[in-house]
Amino acid sequence: MPLHAVEIPALWMPHPLKVNPHLPGLRAESEIWAREMGMLDAGDGRSDRHPIWTQTQFRAMTVDLLTAWTLPDASPAALRLNHRFNIWALAWDDYFAHSFKRTSDLQGAHDFTARLHAFLRTDEGARLPEPVNAVERGIADLQQHLFPPRLAHWRQEFSRALARYVDAGVEELANSRTGRVPHLIDYAPFRRESFAAHTAPYSVELATGARIPERIRHHRTVRGLTAAFMDVMGLANDIASYEREVHEEHDVNNLVVVLGTSLGIPLREAVPASVHLVNSRMRDFEQLREEDIPLLARRAGLDPQERAELDTWLGGACSFLSGLHAWYTGAPRYVPTDPAFPEPRLPTATAPEQWYGRGAGRHAATPPSVVGLGLDAEP
């Protein structure tokens, strides 16, 4: 049964969409970079490059909107850097799907991933191998720019997050080949890895110039907040990409499939259950942001500057989630474009809620919290 045949409840997004004013310059610059890396068809007939996308495919993904919507307050330099990272992550995803998922080439996936690890070096100035494909060229280029001095503290954590991201692709392929559907309890932490969600706090810091104060960054309450933040990202993506992943790529690593299998319920029940779970994680994030984090800041005795930085980072995290939400619901990668509108239409910035699917029904039920299901804290 296709997803659009199921009545889908509203996916809750309490934060308004904002747009970075530097959006107009992103597309042309990103096309140049993607061509230089070999991701985008240059149209010159070169036989030594195997591009991942045509220009039409690249533009249809509207990665420029993704970046400008998720990082509305970023400077031009920070926006451009994060934009290139978004392009690289999508390039890895599409390259992996085409080369290994659709061919069930598990050994090839292992070999490809092992080579990528050589590019994820945490030591500054490390000598990298010679890239042999667009994905390797992209990450080799990014490694030269990702860690400006003020963000040097992220080098190990970010590289570790990318290593977990590419490793998760191999595990997803192994699951799909054997038909092993992950269990719900294990899936949310795994999805944080397979979505590269562990890199998102870095993107927020890069965009806002603000950090979570070091003396509370590893506190359980902050870890609970960042876990909810990451879960909303990856689990909502599962709903948006269900048709492409499950029906086109025959993937079993999807929240709708995981919930249906773990709870033994049909698709018509698994879809709304998945939306309610994402909504619940959004509510967990909001409760932690509005109530628990301010209490922690007072108890920790954060000074005014630390409080201001914390508030700025939290505001950037809210913008990140609302931007992703808008992209999931409007980008042709997930929602086919109306033929009458060749460019995706900008969602209404003030709308508190938007919808997945066309003609989706609205359910007013408030889902219970999932705290206690193992989804509320980073393992």
Side-chain angles (χ1 to χ4, degrees), residues 13 15-37 39-40 53 55 58-93 137-155 157-159 161-162 165 195-212 229-230 233 237 309 311-333 343-344 346-347 349:
M13 176 47 59
H15 302 289
L17 176 67
K18 299 193 294 182
V19 183
N20 193 293
H22 305 293
L23 167 62
L26 274 185
R27 174 180 284 183
E29 189 274 338
S30 63
E31 287 188 7
I32 293 172
W33 184 77
R35 281 197 178 91
E36 289 176 349
M37 298 301 106
M39 300 170 183
L40 184 58
W53 305 299
Q55 185 180 70
F58 182 79
R59 291 185 173 181
M61 291 192 299
T62 59
V63 193
D64 51 342
L65 294 183
L66 166 66
T67 308
W69 288 351
T70 53
L71 306 174
D73 302 313
S75 67
L79 191 72
R80 182 169 58 252
L81 178 57
N82 205 88
H83 189 46
R84 290 182 178 185
F85 175 72
N86 286 339
I87 293 170
W88 178 82
L90 289 169
W92 174 88
D93 189 44
R137 277 188 291 272
I139 195 60
D141 184 78
L142 283 170
Q143 287 282 41
Q144 302 176 48
H145 309 287
L146 278 172
F147 308 106
R150 69 180 177 86
L151 293 175
H153 61 283
W154 268 100
R155 183 178 294 276
E157 290 185 42
F158 192 88
S159 296
L162 286 187
Y165 174 54
F195 190 70
H198 290 277
T199 67
Y202 168 91
S203 295
V204 173
E205 189 171 326
L206 175 66
T208 62
R211 300 176 62 175
I212 298 175
F229 173 59
M230 292 188 285
M233 284 184 255
N237 178 270
E309 280 215 49
D311 290 342
T312 299
W313 189 93
L314 290 171
C318 294
S319 293
F320 198 95
L321 292 178
S322 66
L324 268 179
H325 178 86
W327 194 63
Y328 291 161
T329 57
R333 185 177 178 86
E343 293 293 328
L346 188 72

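Computed from a prediction, not measured in an experiment: that's the story for all the values here.
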Looking only at heavy atoms, which two atoms of P72 and P21 are closest? And how far apart?
-> O-CD, 3.7 Å
Are any non-hydrogen side-chain atoms of H198 and E157 less than 4.5 angstrom apart?
-> no
State plainly whether the residues R211 and E309 are in salt-bridge range, i.e. N to O under 4.0 Å.
-> no
Indicate yes or no for a side-chain donor-acceptor contact from Y165 to the backbone of A89 under 3.5 Å, with no hydrogens or angles considered.
-> yes
Taking all heavy atoms of F229 and all of A317, pick out the closest pair and write down the distance.
-> CE1-O, 3.5 Å
Hey, does R59 have a side-chain heavy atom less than 4.5 Å from the side chain of E31?
-> yes
Value for OG (S322) from NZ (K18), rounded to nearest 0.5 Å, stands at 8.0 Å
Any side-chain heavy-atom pair of W33 and M39 under 4.5 Å | yes
Do L151 and H153 touch side chain to side chain, with heavy atoms closer than 4.5 Å?
-> yes
Main-chain N/O of S30 paired to R80 side chain as donor or acceptor, under 3.5 Å = no
Would you check if H22 and L26 make a side-chain contact, meaning some heavy-atom pair closer than 4.5 Å?
-> no
Strictly by modelled atom types, are N82 and T67 linked by a side-chain donor-acceptor pair under 3.5 Å?
-> no
Is any NZ, NE, NH1 or NH2 atom of the basic residue among E36 and R137 found under 4.0 Å from an Asp or Glu carboxylate oxygen of the other?
-> no
Inter-residue atom distance W327.CH2 - L17.CG, 0.5 Å rounding = 14.0 Å
Close side-chain approach of V204 and L314, heavy atoms under 4.5 Å = no
Residues T62, D64; criterion side chain to side chain contact (heavy atoms under 4.5 Å, CB included); working and verdict | CA-CA 5 Å; T62 59; D64 51 342; 4.0 Å; yes
Minimum-distance pair of heavy atoms, taken over all atoms of A68 and L79 | CA-CD1, 4.3 Å
Taking the side chain as C-beta and beyond, is there a heavy-atom pair between L206 and F85 under 4.5 Å?
-> no
Side-chain heavy atoms of T70 within contact of L321, under 4.5 Å | no
Taken to the nearest 0.5 Å, the spacing of T199 OG1 from N86 CG works out to 8.0 Å
Non-hydrogen atoms of W154 and E205 that approach each other most closely | NE1-OE1, 2.8 Å
Derivation of the side chain to side chain contact (heavy atoms under 4.5 Å, CB included) call for I87 and M37 = CA-CA 11 Å; I87 293 170; M37 298 301 106; over 6 Å; no
Between CZ of R27 and NE2 of H83, what distance do you get to the nearest 0.5 Å?
-> 9.5 Å
Closest non-hydrogen atom pair, S159 against F147 | OG-CZ, 4.3 Å
Ignoring hydrogens and geometry, is there a side-chain-to-backbone donor-acceptor pair from Y328 to M233 under 3.5 Å?
-> yes
Under 3.5 Å: donor-acceptor pair, side chain of D73, backbone of T208 = no
Can you name the nearest heavy-atom pair linking N20 to L71, along with the distance?
-> ND2-O, 2.8 Å
